[in-house]
Amino acid sequence: MPAPAQLKRRALDVGRNHWLFLVVFVAGFGLRAAAWFAYPPALLYGDSFRYLDNVGTHNPTGLHPIGYDLFVLEPVLAVGGLGLVSFLQHVAGLACGVALYALARRLGVRRNWLAALAAAPVLLDAYEVQIEQMIMSDVWFQVILVALLWLLLGTKRGGQPPVWATAVAGVLFGVAVIFRMVALPLALPAVVFLLIAGGVWRRWGTWAAWRTILVRVAALALPLALMVVGYGAYYASWSGHFALSPSTGNVLYARGAVVADCQNLELSERLEPACPDEPLGERLGSDQYAHMGANAEWRAQWPEGTNLVAIQQDFGKEVIRQQPFDVAVAIMTDFLKGFRGWRVDTPGDVSVQRWHFQPTYQFYNHEELSREYALRYSGEEPESRPTLGTALRWYQLFGGFTPGNVLGVALLLALAAGLGITRKARASGLRAAMLLPAGMALVSLGGAAAFEFSWRYQLPGITLLPLAGVLALTALLWRRNQRDAQPAGTPAPTPYDDAPGHGGPGDGLPTGNGGVAGGNGVPANGVSGNGVSGGNGSGPHAPAEVGGSADRIREDVTTNGGSPDSGGESVASGGDRPDPPGPDRSSPVG
C-alpha cells in the first residue's frame with residue numbers, strides 16, 4: 001500500500017495536471033445533486049409509464065424496445081425505487097464525462113483545456129441533467145455510445161482495435177438496438193472505421209489486406225447479427241411474425257403526412273382517407289401524426305379490423321415514392337434545426353418546454369398517474385423544492401446548454417480534418433479516430449430527423465461531437481518537430497492512420513505509435529545519441545522525420561554510441577519503428 005506521502009504527491013499531481021477537468025466535474029456533480037433533490041423521486045414523462053408497465057413482462061411489441069425495462073428498471077427496482085433509478089442515471093452521466101475526458105487524453109489530446117472540452121457538454125448541459133432525472137432510456141443509450149468509442153478507439157493496438165474489442169463492440173451495438181432502434185444504422189460508421197483504421201485500405205488489392213478487413217468486419221457484424229436476429233425471433237414469439245419494432249408504420253406515416261400533396265398524390269381507395277385534411281402549410285407536427293393511430297375519429301375511417309399499421313406504412317411509402325424531394329427537404333430541415341444556437345421551437349416541433357426544468361414538479365398532464373406510479377414503485381408521492389427548481393431553470397434558460405452551432409462547428413472540423421484538409425491533419429494519425437464519433441453522430445442525428453425533430457434526440461450529439469471536434473483541433477494544431485508538454489502519467493497517444501510512423505500490426509505496416517526519441521524523450525534530428533525509444537510510449541504521438549530504412553536506423557544508433565537495446569525497447573526487438581521518408585502518402589482518409 002502506498003505511503004501517505006506518496007498518496008499526497010499523487011493527489012497533487014492529479015490536481016495540477018487535471019485541475020480544469022476537476023472543476024468541470026465538480027460543477028456537473030453539483031447540477032445533478034440539485035436535480036435529484038429538487039424533483040424526488042424522479043420525473044415521469046409519458047413514455048415512462050410504458051417502460052414501467054413493461055417491467056416483468058418485456059413485451060417487445062410496444063412502442064419501445066425492451067432494453068431499458070429489462071437491463072435497468074427491473075434489476076434496480078428489485079432493490080430500490082425510482083429515486084435509485086434517477087440516482088444511477090446521474091452517476092452514469094458523470095461516468096460518461098470522465099470516460100470522454102480519459103479517452104481524449106489517451107488519444108493524444110495533451111492540452112488540458114481541449115480534453116476538458118470533450119467532456120464539458122455531457123457534464124454541464126442542463127438538458128442532459130434533466131433527462132437523467134427522468135425515467136427514460138436516453139442516458140443509457142449515451143453510456144453505450146461512450147463504451148463503443150472506448151472499445152474501438154481506446155483499446156487499439158497498432159492502429160486498429162483488437163479482435164476481442166471489436167467483437168464486444170458488436171454485442172454492444174446489439175444491446176444498443178434493444179434500447180433504441182435508431183442504433184442499428186450506427187454500425188455503418190463503425191464498419192467504415194474498421195476499413196480505414198491503420199491504413200489497411202491503402203492495399204485493397206492484396207489478399208493480406210482483405211483478410212485483415214474481413215476479420216475486423218466479421219468480428220463486429222456476427223455478434224451484432226446474432227443479437228438482432230435473436231431479438232427479432234423474440235419479437236416473433238409475441239407477434240407471430242419476425243420484426244424488431246411495430247413503430248415503422250408510425251414513423252413512415254408521420255414523415256409522409258407532413259408533406260403529402262393530397263390533391264396530386266395517386267393513392268388507392270384504401271389509402272385515401274389517410275391523407276390529412278389540413279392543407280399544406282397548416283399541417284400538424286410529425287409527433288402528432290405519429291400518434292394518430294390512437295385517435296378514435298381517425299381510426300373510424302376504415303372498417304373495423306383493418307390493419308391500420310399497414311395503412312400508415314403503405315401511405316408513408318407512397319409519399320416517399322411520389323414526393324422524394326419534398327421528404328428529403330423535410331428531413332434535412334429537421335436535421336439542421338439541431339445546429340441552431342438557441343433551443344427554440346418552430347411550428348410543428350415537439351415543444352422544447354418538455355425538456356425544461358420547472359420551479360415545481362412537472363406532471364406532463366399526467367398528475368394522477370404520476371402520483372400513482374411514484375407511490376407504487378417508491379412509496380412516496382412526487383414533490384419538488386422550488387428554490388432548487390428555480391435555480392436549475394435559470395441556469396438552463398440562460399446559457400446552461402451546449403449551443404447547436406458549436407456542435408456544428410465541431411462536426412465540420414472533424415469532417416475536414418478527417419478528410420485530410422491540411423498536411424498536419426494528414427500526418428497526425430487521428431483522422432480515422434475523429435471520423436468515427438463524427439460518423440456516429442451524423443447517423444444518430446440523421447436517423448432521428450428522419451422521424452421528427454426533438455431537442456431530446458440531440459443528446460447523442462453532445463456525447464459524440466465534442467470528442468470529434470477536440471480530436472480535429474488536436475490534429476490541426478499538431479506540431480511535427482516539437483512535443484507539447486505532457487503531464488506525468490499521461491498514456492502514450494495511439495494513432496489510427498498509417499502516416500509515417502503509424503503503422504499497425506497484421507496488415508504489413510510497421511508497428512509504430514511514436515517517433516524516434518532520445519533518452520530524454522525529445523526527438524533531435526530523428527535519432528539521438530542515447531538510442532531509439534521503443535514501444536514503451538516515450539516518443540511523441542506524431543512521427544519524427546527520420547532518414548533511411550530500419551537497418552540504417554539501427555546502424556545510426558550504434559554509430560552514435562547507443563545500441564538497439566538502450567533507452568527502452570529496441571527497434572529490432574519489436575519497439576516503434578518509423579517508416580522511411582518518401583513521397584507524401586497521405587490521402588483524403590486515414
Side-chain angles (χ1 to χ4, degrees), residues 28-60 62-99 122-123 125-147 172 175-176 178-180 183 354-358 360-364 366-385 388-389 392 456 459-460 463:
F29 178 87
L31 287 171
R32 285 160 174 82
W36 194 68
F37 284 110
Y39 310 103
L43 293 172
L44 294 169
Y45 186 62
D47 293 343
S48 304
F49 307 114
R50 299 189 185 97
Y51 287 123
L52 292 169
D53 287 339
N54 213 26
V55 172
T57 304
H58 311 307
N59 181 354
L63 286 179
H64 305 291
I66 66 172
Y68 185 46
D69 52 84
L70 175 63
F71 295 116
V72 178
L73 293 181
E74 184 160 332
V76 175
L77 292 177
V79 298
L82 298 179
L84 180 59
V85 176
S86 60
F87 173 81
L88 292 177
Q89 290 181 171
H90 288 311
V91 171
L94 291 172
C96 284
V98 173
V122 167
L123 291 174
D125 194 294
Y127 290 85
E128 170 73 22
V129 178
Q130 194 260 1
I131 208 76
E132 291 172 13
Q133 186 62 20
M134 280 186 175
I135 303 300
M136 297 282 276
S137 65
D138 298 68
V139 66
W140 301 104
F141 182 63
Q142 293 174 268
V143 168
I144 295 173
L145 293 179
V146 174
L172 267 187
V175 173
I178 301 175
F179 272 84
R180 298 275 293 274
R354 295 188 187 183
W355 324 118
H356 282 165
F357 286 116
Q358 302 296 332
T360 58
Y361 192 94
Q362 190 169 7
F363 287 102
Y364 295 100
H366 301 291
E367 182 171 352
E368 292 186 8
L369 208 57
S370 297
R371 294 186 185 280
E372 175 191 339
Y373 276 65
L375 281 170
R376 181 191 308 174
Y377 291 99
S378 295
E380 59 177 320
E381 287 197 2
E383 56 179 308
S384 58
R385 294 177 172 84
L388 289 174
L392 287 167
R456 168 194 168 195
L459 292 179
T463 304

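Since the structure is predicted, the reported quantities are computational estimates derived from the model, not experimental observations. The figures here come from the full heavy-atom set of this structure, side chains too, leaving out hydrogens, waters and symmetry mates.
- L82 places a side-chain heavy atom less than 4.5 Å from the side chain of L52.
- Aromatic rings from Y127 and H356 are positioned such that their centres are separated by under 6.0 Å.
- Of all non-hydrogen atoms in V146 and A99, the two that sit nearest each other are CG1-CB, 3.6 Å.
- Proximity of H90 to Q133: side-chain heavy atoms (C-beta onward) are separated by under 4.5 Å at one or more points.
- Summarising the geometry, atom CG belonging to D125 is positioned 7.0 Å from atom CG belonging to L459; distances are rounded to the nearest 0.5 Å.
- The ring-ring contact (aromatic ring centres under 6.0 Å, His included) search around Y361 returns F363, not counting sequence neighbours.
- Between P65 and R180, the closest side-chain pair of non-hydrogen atoms is not below 4.5 Å.
- Checked by atom type and distance alone, the side chain of Y39 never pairs as donor or acceptor with a backbone atom of Q130 at under 3.5 Å.
- Applying the side chain to side chain donor-acceptor pair (under 3.5 Å) test to every pair with at least one member in residues 70-83, sequence neighbours left out, gives these pairs: H58-E74.
- Proximity of a side-chain donor or acceptor of S48 to a complementary backbone N or O of I135 within less than 3.5 Å is detected.
- The backbone N or O of G81 lies less than 3.5 Å from no partner atom in the side chain of S378, so there is not a single donor-acceptor pair.
- Residues L44 and L369 have side chains not in contact (no heavy-atom distance under 4.5 Å, counting atoms from C-beta outward).
- Interatomic distance, CZ of F141 versus OG1 of T463, reported as 9.0 Å (0.5 Å rounding).
- Taking both residues in full, the closest heavy atoms of I144 and L172 are given as CG2-O, 3.7 Å, listed atom of the first, atom of the second, then distance.
- Side-chain contact of Y68 with D138: a donor-acceptor pair under 3.5 Å is absent, judged by distance alone.
- L73 contributes atom CG, which lies 10.0 Å from atom CH2 of W140 (distance to the nearest 0.5 angstrom).
- Between L123 and E128, the closest side-chain pair of non-hydrogen atoms is not below 4.5 Å.
- In terms of modelled atom types and a separation under 3.5 Å, the side chain of R385 and the main chain of F37 share a donor-acceptor contact.
- Put simply, the side chain of M134 does not reach to within 4.5 Å of the side chain of D47, judged on heavy atoms.
- The two residues G93 and V122 have their closest heavy-atom pair at O-CG1, 3.6 Å.
- For F87, the CZ atom is loosely surrounded, since the number of other residues' heavy atoms within 6.0 Å does not exceed 12.
- Here the closest non-hydrogen pair linking L392 and A38 is CD1-CB, 4.2 Å.
- Heavy-atom neighbours of F49 CZ from other residues, nucleotides or ligands within 6.0 Å: above the threshold of 12.
- For the pair Y377 and L84, the minimum side-chain heavy-atom distance is 4.5 Å or more.
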*Go through the steps to decide whether I178 and I66 satisfy the test side-chain contact (heavy atoms from CB on, under 4.5 Å), and finish with yes or no.*
CA-CA 6 Å; I178 301 175; I66 66 172; 3.9 Å; yes

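- Rounded to the nearest 0.5 Å, atoms CD (Q362) and CH2 (W355) are 9.5 Å apart.
- Taking CG from L31 and CG from L388, the interatomic distance works out to 11.0 Å, rounded to the nearest 0.5 Å.
- Counting only heavy atoms from C-beta outward, the side chains of R32 and E132 approach each other to under 4.5 Å.
- Closest heavy-atom contact between G28 and L94: C-CD2, 3.9 Å.
- Rounded to the nearest 0.5 angstrom, Y51 OH and Y45 OH are separated by 11.0 Å.
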